[in-house]
Amino acid sequence: MATERYNAPAREPHWQQAWRDANVDAAKNDTTLPKCYVLEMFPYPSGRIHVGHSRNYTMGDVFARYKRAKGFNVLHPMGWDAFGMPAENAAMERNVHPGNWTHENIAAMREQLKSMGFSIDWDREFATCDANYYEHQQKLFLDLLDKDLAYRKSSKVNWDPVDQTVLANEQVIDGCGWRSGAPVETKELTQWFFRISKYSDELLEALDTLDKWPEKVRLMQANWIGRSEGVAIRWALNDDTAPADHKELEVYTTRPDTLFGASFLAVAADHPLAKAAAENNADLAAFCEECRHLGTSVADIETAEKKGFDTGITARHPFNPDWELPVWVANFVLMDYGTGAIFACPAGDQRDLDFARKYDLPVTPVILPDGKSADTFEINDEAFDGDGTMINSDFMNGMTTDAAFEAAADKLAGLQLSDAPVGERQTNYRLRDWGISRQRYWGCPIPIIHCDDCGSVPVPAADLPVKLPDDYIDFDTPGNPLDRHPTWKNVNCPICGKPSRRETDTMDTFVDSSWYYVRFTAPHAKKPVDSEQAGYWLPVDQYIGGIEHAILHLLYSRFFFRAISDAGHAPAGGKNLREPFAALFTQGMVTHEAYFQPNPEGGKPIWIEPSKVSFSGEGKDRKAALAESGDPVEIAGIEKMSKSKKNVVDLDEFINNYGADTARWFVLSDSPPERDVLYTDVGVEGARRFVQRVWRLIDDAADKASPKASEKPKEFNSESTILRKAAHKSLDAVGKHIEGLRFNVAVATLYDFANQFGSALQKTAKDGASDDMKWVLREAAELMTQMIAPMMPHLAEECWARLGYNTLIANQRWPAAEQALLVDDEMTIAVQVNGKRRDELTISVSASKSDIETAALALEPVIKALDGKPVKKVIVVPKRIVNVVA
RNA sequence: GCGGACGUGGUGAAAUCGGUAGACACAAGGGACUUAAAAUCCCUCGGCCCUAGGCCAUGCGGGUUCAAGUCCCGCCGUCCGCACCA
């Protein structure tokens, strides 16, 4: 009997090598097999992997290994989302080339992933910064351009005047650039765009088909797309008040029903009418200028006062030409939604009401809430935007809100203004086209050449890739390094041959991640998409990643997949695939308590690594201090593991101490996978103990069990039957739980089975094992090993070898549970009297409802609870419950 | 402001369709083995009255139902997303 501890850190590399030698991780090149494409969102190579990162790869790996064992041809690839700002920041801080920095990180992280034993098809690995990846992306860009799905236009951007670059909205903090701290300016820049708006409707409608996506994500996307049904109304302007060439003003509204409550019209400060009116009105011009400087941050919007300026222009009400309304410029009207102009009904909109009260404009209620009287109802400080009955509304009086919408829209469509209908029904979207230009070096170059004569000319496909220069990069000067490169941008026009200049903007890195999952299906293909391979492998059967990508990455991918399909890169197979990810799972983070000391010089606190902290006291009195000096340390609470808060646990260190299987088991245990899991030393201890426990069980069973491939006994005694049933029921349950990604429940099922297996083994130590029990011990040990294999693959191999096999368990099929063992001969049913549990009844599963009823009514506690009262009704639900109603 | 999710022991959590609430684990307490420790194994473990047994318990208050953690309505709390979107 060998009861040595299992030395995971020493044994795991051995099995990883064995898998490599047997090539178990590679997807098979056989498109007749049933396939399963499992993908975790690929990482940004930021440095090193910590335990927090490892969780979603572990989940994907368990699923992939399980599916492979179930007989699927599994594609489980890995790559690197390798372009982006951190590499340029590192270049600035450490004077290293972004490419070198990135590749060093990739090398380190690849080794870490391998040391976790992830079953990844490494032959398909690529980084988005590889020219053989981005050359295909450049081709896709050109094809989109050809189909008018990419275009160039001038647009307003957040501009950091110090760093000389465009900032995303998220990079603007309190109106200042996140790096430079300089006040952000609004600037007009000519930028490249993808026409995602063309797909607004399809992207919205198709959300309903994504039944294996979290409801939350679908909702967030629907809100983001933001479809609204309304009416575009053209108002005639009075000639004597309006600037020349401004005869009318178009507004967009979702509430044409409230037209009789109109009080004024308002346009954005950037609206052409505002600009025209400001030309000979210095005060108005000043007001518009002030609006332009208004911040766009959340805080700015919340605190900004509603302000306006009367242009003196008046407009005629569409339903009553004699009714004149003033046109204001208002700071809360946005130029880039609808038409940049609104009509205001203060009674029905809080902003309009605040504005009307401030500038003393009329307020006419037009909707009477249900249950209110028209005589007493009035609007004070609160607008009413609900449904009700129309009042003060001419032909709409008495109608419901919905009916009034229809009536107003129809009437507007029938009215004429300069030979066209006054109003037209219109669908509006919040979603805007995707601006992809970035003034950065470390990104995919946009393959365009600007020629003074020929305009923006696509780089001929034969000249791709347009490679980034790697000879000279000056990162110390603000602005786009590509633009400053002495020679890179100089090129001759492909059409006329005249000296021209390359586009120096690079693509948003979200473009890189919008099609990498397609490229994984044929990463070495000469064209961007190998239709056959894409047709076989796509869609991704299970996609796993963080909720932080609920909108941007996932929406961009859904769009880009459609766009490239429509531009000639559709997957083959006649599936007319539109959605790239059939199932999505958003996993929770690993959290860890974080500690800090206040910064004596003020500013950001100094974060302390948990390993340097010691504790005293408990509960509220729990105190933390530096272990070395005893200096007090503040406990910041539970935070997501992140490098900046120093509360990460390095993966290499963990694996050296405990082994990869302990890490895998720990991140799968306890918390449901979609929720955060708290990293604690005792939690890790628990996982480590279980690894040893499984090893002891199998080791012990291997000694006691019959040899492998022994003949199955004809009969089993009751004790061995109990163990057999437990094993097969667990097998069935674990499979279902992995399939449903309920890893924490699968873990609990295995703990449970380990307990039962352990008890059975203990009994044999006392009483010895019968021949049939010896056979069952082997069966149980083998099933146990197979059940843990997706989650703790190294340990499973070790156990498999201990059980006498010289094959790899990674190549074994998932065993089928014997159905007969999953059903019991007897069932235990709770018996209630008037809904209160009084006893339970164990009876044959074949018992009829009336048998059950009779047996239940004969139970002593039932008779006692009834206390002689007559039975009115007995509800019998076989296998579940009996309820006696008295 | 709009939209959504969640709320179960000391802790992380289980609980197909509405059908025995608390599986499994952690922590805690007790015991066995040991010269001792580690490791391991066994027992107890929601609260109250404690006696077989009973009563109360899934944030709070109602409702539907033979039966509610689960469904419906209203509160309270926590978290998340969007946000001057006409």
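The shown structure was predicted, so the numbers you read here are calculated from the model rather than taken from an experiment. Note: hydrogens, waters and symmetry copies are ignored here, and every other heavy atom, side chains too, is used. Just so we're on the same page: letters track the sequence lines, and every chain starts at 1.
- A:R218 has its CZ atom 23 Å from the P atom of B:C80, to the nearest Å.
- Phosphate contact (OP1/OP2 of B:A14, side-chain N/O of A:R742, threshold under 4.0 Å): absent.
- The aromatic rings of A:F355 and A:W328 sit perpendicular to each other, their planes meeting at more than 60°, with 30° as the lower class boundary.
- Of all nucleotides present, only B:U78 satisfies the Watson-Crick or G-U wobble test against B:A5, with each distance under 3.5 Å.
- If you check every strand for non-hydrogen atoms under 4.0 Å, A:N883 touches a base.
- Look at CG on A:N331: it is 8 Å from C1' on B:C84, rounded to the nearest Å.
- For the C1' atoms, the distance linking B:A25 with B:C76 amounts to 32 Å, nearest Å.
- The P atoms of B:A5 and B:A27 are separated by 36 Å, rounded to the nearest whole Å.
- In this structure B:C71 sits in a base pair with B:G63, meeting the Watson-Crick or G-U test at under 3.5 Å.
- For the residue pair A:T842 and A:T828, a side-chain donor N or O sits within less than 3.5 Å of a side-chain acceptor on the partner.
- When Watson-Crick and G-U wobble pairs are counted only if both distances are under 3.5 Å, B:U58 pairs with no nucleotide at all.
- Between B:C55 and A:R838, a contact under 4.0 Å exists linking OP1 or OP2 to a side-chain N or O.
- Nearest nucleotide to the A:P672 side chain, out of B:G12, B:A14, B:U40: B:A14.
- Each of A:M335 and A:N223 lies near RNA chain B, and the nucleotide nearest A:N223 is the one positioned closer to the 5' end.
- No side-chain donor from either of A:R218 and A:N223 sits under 3.5 Å from a side-chain acceptor of the other.
- A glycosidic torsion no more than 90° from 0 defines the syn conformation, and B:G9 adopts it.
- Straight-line distance from the CD atom of A:Q832 to the C1' atom of B:A21: 12 Å, rounded to whole Å.
- A:R430 places its CZ atom 8 Å from the P atom of B:C82, with the value rounded to the nearest Å.
- By the rule that a glycosidic angle within 90° of 0 means syn, B:C33 does not qualify and counts as anti.
- Rounded to whole Å, the distance from NZ on A:K736 to C1' on B:U16 is 9 Å.
- The aromatic rings of A:F510 and A:Y556 lie perpendicular to each other, with more than 60° between the two planes, well past the 30° mark.
- In this structure, A:V333 reaches the bases: a heavy-atom distance under 4.0 Å links it to at least one base atom across the strands shown.
- At least one side-chain nitrogen or oxygen of A:S671 sits closer than 4.0 Å to the OP1 or OP2 atom of B:A13.
- A donor and an acceptor atom, one from each side chain of A:D433 and A:S197, are located under 3.5 Å apart.
- A donor-acceptor contact closer than 3.5 angstrom links the side chains of A:D201 and A:Y429.
- Among B:A23, B:A86, B:G19, the nucleotide with an atom closest to any side-chain atom of A:L334 is B:A86.
- Taking a pair to require two hydrogen-bonding distances under 3.5 Å in either a Watson-Crick or a G-U wobble arrangement, B:C85 remains unpaired.
- Side-chain N/O atoms of A:K306 and base N/O atoms of B:C84 include a donor-acceptor pair closer than 3.5 Å.
- Among B:C82, B:C80, B:U40, the nucleotide with an atom closest to any side-chain atom of A:R696 is B:U40.
- For the C1' atom pair drawn from B:U8 and B:G77, the interatomic distance equals 15 Å after rounding to whole Å.
- The side chain of A:Y337 contributes an N or O atom lying less than 4.0 Å from OP1 or OP2 of B:A86.
- Taking every heavy atom of both residues into account, A:Y337 and A:S228 meet most closely at OH-OG, 3.2 Å.
- Checked against B:U20, B:A15, B:G81, the side chain of A:I881 finds its nearest nucleotide in B:U20.
- Residue A:N755 is classed as a sugar-phosphate contact, given heavy-atom separations below 4.0 Å to backbone atoms only.
- On the C1' atoms, B:C43 is 37 Å away from B:C6, given to the nearest whole Å.
- For the C1' atoms, the distance linking B:C73 with B:U65 amounts to 16 Å, nearest Å.
- The CZ-P distance, from A:R351 to B:G1, rounds to 15 Å in whole Å.
- Across every strand in view, B:G53 sits in a pair with B:C49 that passes the Watson-Crick or G-U test at under 3.5 angstrom.
- Using the Watson-Crick or G-U wobble rule with both distances under 3.5 Å, B:C24 pairs with B:G12.
- In this structure, A:Y6 and A:W695 have tilted ring planes: the angle between them lies in the 30° to 60° band.
- For A:D670, counting side-chain heavy atoms from C-beta on, the closest listed nucleotide (B:G19, B:A86, B:A25) is B:A25.
- Within the structure, every side-chain polar atom (N or O) of A:R880 is placed at least 4.0 Å from both OP1 and OP2 of B:G18.
- B:A57 and B:C48: their C1' atoms are spaced 10 Å apart (whole Å).
- Pair assignment for B:U35: none, as no Watson-Crick or G-U wobble contacts are both less than 3.5 Å.
- Across B:C42 and B:G10, the matching P atoms stand 26 Å from one another, rounded to whole Å.
- Side chains of A:Q221 and A:R558: a donor on one and an acceptor on the other come within 3.5 Å.
- Between the side chains of A:E250 and A:T339, no donor-acceptor pair of N or O atoms lies under 3.5 Å.
- For A:N744, no side-chain nitrogen or oxygen approaches OP1 or OP2 of B:A23 to under 4.0 Å.
- Mapping A:Y751 and A:I342 onto RNA chain B via the closest heavy atom, the residue that lands nearer the 5' end is A:Y751.
- Regarding contacts with the backbone of B:A13, a side-chain N or O of A:R675 is found under 4.0 angstrom from either OP1 or OP2.
- Taking atom CZ of A:R227 as the reference point, atom P of B:C82 lies 21 Å away to the nearest angstrom.
- Taking atom C1' on both B:G3 and B:G12, the two are 30 Å apart, rounded to the nearest angstrom.
- Within the 4.0 angstrom heavy-atom criterion, base atoms lie near A:I875.
- For A:V745, the listed nucleotide lying nearest its side chain is B:A15; candidates were B:A27, B:A15, B:G19.
- Between the CG atom of A:D336 and the P atom of B:C84 there is a distance of 10 Å, rounded to whole Å.
- Looking at the side chain of A:E840, the nearest of the listed nucleotides B:U20, B:A23, B:G81 is B:U20.
- At the heavy-atom level, A:S669 lies nowhere under 4.0 Å from the strands shown.
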